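Only one structure is covered here, and it is reproduced in the block below.
Quick note: numbers below take in every heavy atom, side chains included, and nothing from hydrogens, waters or symmetry partners. Just so we're clear, the structure is a prediction, and the values are computed from it rather than from any experiment. A note on names: the letters A, B, ... follow the listed sequences, proteins ahead of strands, and every chain is numbered from 1.
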Amino acid sequence: MPEMPEVETIRRTLAKNILGKRIEHIDILLPRLIKFPEPDLYRQRLTGQKIVKMRREGKYLGMQMENGIMAIFHLRMTGRLCYFKDGQQEDKYAKIIFYLDNGARLIYSDMRTFGTLYAINDKEREKIKGLYELGREPLAKDFTTEYLLAKLKKSNGKIKMFLLNQKNIAGLGNIYTDEALFLAGINPEQICSAISKEKAEKLHNSINQVISAGINDGGTTFRDYVNGEGIKGKHQNNLFVYGQAKKPCKKCGTIIEKIKVGGRGTCFCPKCQKLK
DNA sequence: CGTTCATCCTGACGGC
DNA sequence: TGCCGTCAGGATGAAC
(Lines give C-alpha, C1' and ligand atoms only; values in the text may rest on other atoms or scores of the structure.)
Protein backbone atom coordinates (compact mmCIF):
# COMPACT_ATOMS: atom_id res chain seq x y z
CA MET A 1 0.00 0.00 0.00
CA PRO A 2 2.26 2.74 -1.20
CA GLU A 3 1.83 5.96 0.75
CA MET A 4 4.20 8.92 0.79
CA PRO A 5 7.15 7.15 2.54
CA GLU A 6 6.90 4.19 0.16
CA VAL A 7 6.65 6.35 -2.97
CA GLU A 8 9.53 8.53 -1.75
CA THR A 9 11.64 5.40 -1.18
CA ILE A 10 10.82 4.19 -4.69
CA ARG A 11 11.78 7.61 -6.06
CA ARG A 12 15.17 7.50 -4.36
CA THR A 13 15.98 3.90 -5.25
CA LEU A 14 14.99 4.42 -8.89
CA ALA A 15 16.95 7.67 -9.21
CA LYS A 16 20.13 5.78 -8.31
CA ASN A 17 19.59 3.42 -11.23
CA ILE A 18 17.82 5.19 -14.08
CA LEU A 19 18.87 8.86 -14.16
CA GLY A 20 20.59 9.61 -17.47
CA LYS A 21 19.28 6.41 -19.09
CA ARG A 22 17.34 6.58 -22.33
CA ILE A 23 14.08 4.74 -23.06
CA GLU A 24 14.54 2.77 -26.26
CA HIS A 25 11.25 0.94 -26.44
CA ILE A 26 8.03 0.50 -24.46
CA ASP A 27 5.88 -2.65 -24.21
CA ILE A 28 2.30 -1.90 -23.19
CA LEU A 29 0.73 -5.15 -22.02
CA LEU A 30 -2.37 -3.56 -20.43
CA PRO A 31 -3.26 -0.33 -22.30
CA ARG A 32 -6.20 0.63 -20.02
CA LEU A 33 -3.75 1.58 -17.25
CA ILE A 34 -2.63 4.53 -19.40
CA LYS A 35 -5.18 7.28 -18.72
CA PHE A 36 -3.64 10.11 -20.77
CA PRO A 37 -2.78 10.49 -23.60
CA GLU A 38 -3.89 7.57 -25.80
CA PRO A 39 -1.42 4.66 -25.44
CA ASP A 40 0.08 5.23 -28.91
CA LEU A 41 0.80 8.89 -28.16
CA TYR A 42 2.02 7.93 -24.67
CA ARG A 43 4.59 5.63 -26.24
CA GLN A 44 5.52 8.25 -28.81
CA ARG A 45 6.09 10.96 -26.20
CA LEU A 46 8.47 8.82 -24.14
CA THR A 47 10.33 6.64 -26.64
CA GLY A 48 13.90 7.82 -27.33
CA GLN A 49 13.84 10.20 -24.36
CA LYS A 50 16.44 10.51 -21.63
CA ILE A 51 15.30 10.41 -17.98
CA VAL A 52 16.61 13.58 -16.33
CA LYS A 53 14.92 13.72 -12.92
CA MET A 54 12.74 11.70 -10.55
CA ARG A 55 10.01 13.62 -8.72
CA ARG A 56 7.26 12.89 -6.22
CA GLU A 57 4.15 14.83 -5.22
CA GLY A 58 1.97 13.18 -2.61
CA LYS A 59 1.65 9.58 -3.80
CA TYR A 60 2.36 10.50 -7.44
CA LEU A 61 5.73 9.51 -8.85
CA GLY A 62 7.11 11.52 -11.77
CA MET A 63 9.83 10.73 -14.26
CA GLN A 64 10.99 13.96 -15.95
CA MET A 65 12.13 13.48 -19.55
CA GLU A 66 14.52 15.77 -21.43
CA ASN A 67 11.78 16.87 -23.89
CA GLY A 68 9.70 18.38 -21.06
CA ILE A 69 7.33 15.44 -20.82
CA MET A 70 6.72 13.98 -17.36
CA ALA A 71 5.80 10.31 -17.09
CA ILE A 72 3.56 10.03 -14.05
CA PHE A 73 2.68 6.89 -12.09
CA HIS A 74 0.13 6.37 -9.35
CA LEU A 75 0.55 2.92 -7.82
CA ARG A 76 -2.80 2.82 -5.96
CA MET A 77 -2.81 -0.45 -4.00
CA THR A 78 -0.62 -3.02 -5.65
CA GLY A 79 1.39 -1.09 -8.24
CA ARG A 80 5.15 -1.56 -8.33
CA LEU A 81 7.80 0.28 -10.30
CA CYS A 82 11.08 -1.59 -10.30
CA TYR A 83 14.42 -1.57 -12.03
CA PHE A 84 15.41 -4.94 -13.51
CA LYS A 85 19.01 -5.57 -14.57
CA ASP A 86 19.73 -7.13 -17.94
CA GLY A 87 18.47 -10.73 -17.85
CA GLN A 88 16.75 -10.44 -14.46
CA GLN A 89 13.37 -12.20 -14.44
CA GLU A 90 10.36 -9.85 -14.15
CA ASP A 91 7.38 -10.67 -11.93
CA LYS A 92 4.21 -12.18 -13.35
CA TYR A 93 2.14 -9.02 -13.01
CA ALA A 94 4.32 -6.93 -15.36
CA LYS A 95 2.03 -4.54 -17.31
CA ILE A 96 4.18 -1.76 -18.82
CA ILE A 97 7.85 -2.37 -19.67
CA PHE A 98 10.37 0.38 -20.44
CA TYR A 99 13.50 -0.94 -22.17
CA LEU A 100 16.52 1.22 -21.28
CA ASP A 101 19.69 1.86 -23.29
CA ASN A 102 21.90 -0.14 -20.89
CA GLY A 103 19.96 -3.37 -21.41
CA ALA A 104 18.00 -2.96 -18.17
CA ARG A 105 14.22 -2.53 -17.89
CA LEU A 106 12.00 -0.35 -15.78
CA ILE A 107 8.83 -2.38 -15.15
CA TYR A 108 5.44 -1.24 -13.93
CA SER A 109 3.61 -4.26 -12.49
CA ASP A 110 0.26 -4.39 -10.75
CA MET A 111 -1.70 -7.38 -9.44
CA ARG A 112 -5.03 -5.62 -9.05
CA THR A 113 -4.49 -3.21 -11.95
CA PHE A 114 -5.86 -0.13 -10.15
CA GLY A 115 -2.76 1.93 -10.95
CA THR A 116 -2.78 4.87 -13.39
CA LEU A 117 -0.13 6.14 -15.81
CA TYR A 118 0.14 9.44 -17.67
CA ALA A 119 2.61 11.34 -19.86
CA ILE A 120 1.98 15.09 -19.68
CA ASN A 121 3.68 18.40 -20.46
CA ASP A 122 3.55 21.17 -17.85
CA LYS A 123 0.38 22.68 -19.36
CA GLU A 124 -1.53 19.44 -18.96
CA ARG A 125 -1.45 19.05 -15.18
CA GLU A 126 -5.22 19.56 -15.02
CA LYS A 127 -5.59 16.25 -16.86
CA ILE A 128 -4.74 14.64 -13.53
CA LYS A 129 -7.33 16.04 -11.15
CA GLY A 130 -5.93 14.37 -8.07
CA LEU A 131 -2.50 15.86 -8.77
CA TYR A 132 -3.38 19.52 -9.07
CA GLU A 133 -5.84 19.35 -6.17
CA LEU A 134 -3.26 17.95 -3.73
CA GLY A 135 -3.05 19.60 -0.33
CA ARG A 136 0.23 20.46 1.34
CA GLU A 137 2.44 17.57 2.29
CA PRO A 138 4.00 16.38 5.55
CA LEU A 139 7.54 17.65 6.28
CA ALA A 140 7.11 20.56 3.84
CA LYS A 141 7.76 24.08 5.18
CA ASP A 142 4.25 25.22 4.28
CA PHE A 143 2.62 22.33 6.15
CA THR A 144 2.10 24.22 9.39
CA THR A 145 -0.14 23.78 12.43
CA GLU A 146 -2.02 26.90 11.25
CA TYR A 147 -2.70 25.29 7.86
CA LEU A 148 -3.92 22.09 9.52
CA LEU A 149 -6.07 23.89 12.09
CA ALA A 150 -7.73 26.10 9.46
CA LYS A 151 -8.66 23.03 7.40
CA LEU A 152 -9.90 21.12 10.47
CA LYS A 153 -12.19 24.00 11.50
CA LYS A 154 -13.90 23.84 8.10
CA SER A 155 -14.56 20.09 8.18
CA ASN A 156 -17.60 18.37 9.69
CA GLY A 157 -16.37 14.84 8.98
CA LYS A 158 -14.37 12.37 11.03
CA ILE A 159 -10.62 12.95 11.41
CA LYS A 160 -9.75 9.57 9.88
CA MET A 161 -11.49 10.44 6.61
CA PHE A 162 -10.07 13.97 6.71
CA LEU A 163 -6.50 12.65 6.86
CA LEU A 164 -7.08 10.19 4.02
CA ASN A 165 -8.40 12.98 1.78
CA GLN A 166 -5.46 14.04 -0.40
CA LYS A 167 -6.92 17.55 -0.82
CA ASN A 168 -6.27 18.18 2.87
CA ILE A 169 -2.85 16.57 3.27
CA ALA A 170 -0.98 14.91 0.43
CA GLY A 171 0.52 11.48 0.94
CA LEU A 172 -1.16 9.90 3.94
CA GLY A 173 -2.84 6.51 3.51
CA ASN A 174 -4.45 4.02 5.86
CA ILE A 175 -1.28 2.96 7.68
CA TYR A 176 0.28 6.34 8.49
CA THR A 177 -3.13 7.85 9.27
CA ASP A 178 -3.81 5.27 12.00
CA GLU A 179 -0.28 5.68 13.34
CA ALA A 180 -0.43 9.50 13.43
CA LEU A 181 -3.79 9.44 15.24
CA PHE A 182 -2.40 7.02 17.83
CA LEU A 183 0.66 9.19 18.52
CA ALA A 184 -1.54 12.26 18.83
CA GLY A 185 -3.99 10.45 21.12
CA ILE A 186 -6.97 11.27 18.88
CA ASN A 187 -9.90 8.90 18.28
CA PRO A 188 -10.33 8.17 14.55
CA GLU A 189 -14.06 9.06 14.76
CA GLN A 190 -13.39 12.48 16.29
CA ILE A 191 -15.20 15.26 14.39
CA CYS A 192 -12.56 17.59 12.90
CA SER A 193 -14.09 20.94 13.75
CA ALA A 194 -14.12 20.05 17.47
CA ILE A 195 -10.36 19.43 17.63
CA SER A 196 -8.55 21.96 19.83
CA LYS A 197 -5.53 24.01 18.79
CA GLU A 198 -3.38 22.01 21.22
CA LYS A 199 -4.53 18.70 19.74
CA ALA A 200 -4.03 20.04 16.20
CA GLU A 201 -0.47 20.95 17.12
CA LYS A 202 0.11 17.46 18.49
CA LEU A 203 -1.40 15.92 15.36
CA HIS A 204 0.80 18.08 13.14
CA ASN A 205 3.90 16.84 14.96
CA SER A 206 2.68 13.22 14.91
CA ILE A 207 2.08 13.29 11.16
CA ASN A 208 5.60 14.59 10.50
CA GLN A 209 7.01 12.07 12.96
CA VAL A 210 5.37 8.98 11.43
CA ILE A 211 6.15 10.05 7.89
CA SER A 212 9.84 10.64 8.59
CA ALA A 213 10.06 7.36 10.53
CA GLY A 214 8.47 5.60 7.54
CA ILE A 215 10.97 7.14 5.13
CA ASN A 216 13.90 6.29 7.42
CA ASP A 217 12.71 2.67 7.49
CA GLY A 218 12.37 2.53 3.70
CA GLY A 219 8.57 2.18 3.87
CA THR A 220 6.13 -0.37 5.30
CA THR A 221 5.71 -3.78 3.66
CA PHE A 222 2.47 -5.50 4.66
CA ARG A 223 1.93 -7.46 1.50
CA ASP A 224 2.88 -6.00 -1.86
CA TYR A 225 5.16 -3.01 -1.43
CA VAL A 226 8.79 -3.15 -2.54
CA ASN A 227 11.11 -0.26 -3.43
CA GLY A 228 12.58 0.50 -6.88
CA GLU A 229 15.12 -2.28 -6.39
CA GLY A 230 12.57 -4.90 -5.32
CA ILE A 231 13.49 -4.67 -1.61
CA LYS A 232 10.92 -4.65 1.22
CA GLY A 233 10.58 -1.89 3.80
CA LYS A 234 11.19 -2.22 7.57
CA HIS A 235 8.59 0.07 9.08
CA GLN A 236 6.09 -2.80 9.58
CA ASN A 237 8.30 -3.69 12.59
CA ASN A 238 7.75 -0.27 14.17
CA LEU A 239 3.97 0.14 14.05
CA PHE A 240 1.87 0.96 17.11
CA VAL A 241 -1.66 0.21 15.90
CA TYR A 242 -1.94 -0.62 12.18
CA GLY A 243 -2.21 -4.40 11.82
CA GLN A 244 -2.01 -4.77 15.63
CA ALA A 245 -5.69 -5.62 16.31
CA LYS A 246 -6.18 -7.92 19.33
CA LYS A 247 -2.60 -7.23 20.48
CA PRO A 248 -1.78 -5.16 23.58
CA CYS A 249 -1.11 -1.45 23.10
CA LYS A 250 2.62 -0.74 23.30
CA LYS A 251 1.96 2.24 25.57
CA CYS A 252 -0.75 1.07 27.96
CA GLY A 253 -1.37 -2.65 27.38
CA THR A 254 -5.04 -2.24 26.42
CA ILE A 255 -6.12 -4.49 23.54
CA ILE A 256 -6.00 -2.69 20.17
CA GLU A 257 -9.37 -2.63 18.40
CA LYS A 258 -10.22 -2.70 14.73
CA ILE A 259 -13.33 -0.90 13.47
CA LYS A 260 -14.63 0.52 10.17
CA VAL A 261 -14.56 4.26 9.68
CA GLY A 262 -15.95 5.48 6.37
CA GLY A 263 -15.59 1.98 4.99
CA ARG A 264 -11.88 1.79 5.90
CA GLY A 265 -10.37 -0.66 8.34
CA THR A 266 -9.14 1.38 11.29
CA CYS A 267 -6.97 0.26 14.23
CA PHE A 268 -6.76 2.23 17.46
CA CYS A 269 -6.23 1.96 21.21
CA PRO A 270 -9.53 2.63 23.03
CA LYS A 271 -7.70 3.91 26.09
CA CYS A 272 -5.01 6.10 24.50
CA GLN A 273 -7.46 7.45 21.90
CA LYS A 274 -10.66 8.27 23.78
CA LEU A 275 -13.46 10.03 21.91
CA LYS A 276 -13.91 13.56 23.28
C1' DC B 1 -20.03 22.61 -1.93
C1' DG B 2 -19.21 18.88 1.55
C1' DT B 3 -19.73 14.27 2.76
C1' DT B 4 -20.82 9.31 2.08
C1' DC B 5 -20.90 5.24 -0.51
C1' DA B 6 -20.18 1.93 -4.27
C1' DT B 7 -16.88 0.70 -7.57
C1' DC B 8 -12.68 -0.78 -10.01
C1' DC B 9 -9.67 -5.84 -9.55
C1' DT B 10 -7.23 -10.05 -7.85
C1' DG B 11 -5.64 -13.01 -4.29
C1' DA B 12 -5.55 -14.62 0.56
C1' DC B 13 -7.94 -16.51 4.17
C1' DG B 14 -11.61 -18.40 7.27
C1' DG B 15 -15.77 -21.20 7.81
C1' DC B 16 -18.26 -25.09 6.64
C1' DT C 1 -10.75 -30.71 -0.84
C1' DG C 2 -13.52 -27.12 -2.60
C1' DC C 3 -16.79 -23.51 -2.53
C1' DC C 4 -18.39 -19.16 -0.86
C1' DG C 5 -18.12 -14.81 1.43
C1' DT C 6 -15.22 -11.29 3.21
C1' DC C 7 -11.40 -8.40 3.33
C1' DA C 8 -7.49 -5.65 1.62
C1' DG C 9 -7.45 -0.11 0.33
C1' DG C 10 -6.55 4.78 -3.24
C1' DA C 11 -9.20 7.57 -5.79
C1' DT C 12 -13.24 8.72 -8.39
C1' DG C 13 -17.78 9.81 -9.53
C1' DA C 14 -22.61 9.47 -8.36
C1' DA C 15 -25.99 10.36 -4.91
C1' DC C 16 -27.68 12.87 -1.14
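For A:Thr113, the side-chain hydrogen bond (donor to acceptor under 3.5 Å, both in side chains) criterion is met by A:Arg32, not counting sequence neighbours. For A:Glu201, the side-chain contact (heavy atoms from CB on, under 4.5 Å) partners are A:Thr145, not counting sequence neighbours. Residues passing the salt bridge (charged side-chain N to carboxylate O under 4.0 Å, His left out) test with A:Asp86: none are found, sequence neighbours excluded. For A:Arg125, the side-chain hydrogen bond (donor to acceptor under 3.5 Å, both in side chains) partners are A:Glu57, not counting sequence neighbours.
Pairs passing the side chain to side chain donor-acceptor pair (under 3.5 Å) check and including a residue from residues 38-52 of chain A, sequence neighbours excluded, read A:Asp40-A:Arg43, A:Arg45-A:Glu124. Sequence neighbours left out, not one pair with a member in residues 243-255 of chain A passes salt bridge (Lys or Arg N to Asp or Glu O under 4.0 Å). Sorted by first then second residue, the side chain to side chain donor-acceptor pair (under 3.5 Å) pairs that include residues 263-275 of chain A, not counting sequence neighbours, are A:Lys160-A:Thr266.
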Contact state string [nucleotides 1-7 of chain B, B base, S sugar-phosphate only, - no protein heavy atom under 4.0 Å]: --S----
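Between the P atom of C:dG10 and the CG atom of A:Asn168 lies a distance of 15 Å, rounded to the nearest Å.
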Below 3.5 Å, can you tabulate the donor-acceptor pairs from side chains in residues 98-108 of chain A to any protein atom, sequence neighbours excluded?
residue	atom	partner	partner atom	Å
A:Tyr99	OH	A:Asp27	OD2	3.3
A:Asp101	OD1	A:Arg22	N	3.3
A:Asp101	OD2	A:Arg22	N	3.2
A:Asn102	OD1	A:Ala104	N	3.1
A:Asn102	ND2	A:Tyr83	OH	3.0
A:Arg105	NH1	A:Glu90	OE1	2.9
A:Arg105	NH2	A:Gln88	O	2.4
A:Tyr108	OH	A:Asp110	OD2	2.6

Between the protein and nucleotides 11-13 of chain B, which nitrogen or oxygen pairs come in under 3.5 angstrom?
residue	atom	partner	partner atom	Å
B:dG11	OP1	A:Tyr93	OH	3.2

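A heavy atom closer than 4.0 Å to some atom of DNA chain B occurs in no member of residues 207-214 of chain A.
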Secondary-structure string, 5' to 3', Watson-Crick or G-U under 3.5 Å, | for another-strand partners, for DNA chain B: .|||||||.|||||||
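Spacing of P atoms, B:dC9 relative to C:dC3, comes out at 23 Å, to the nearest Å.
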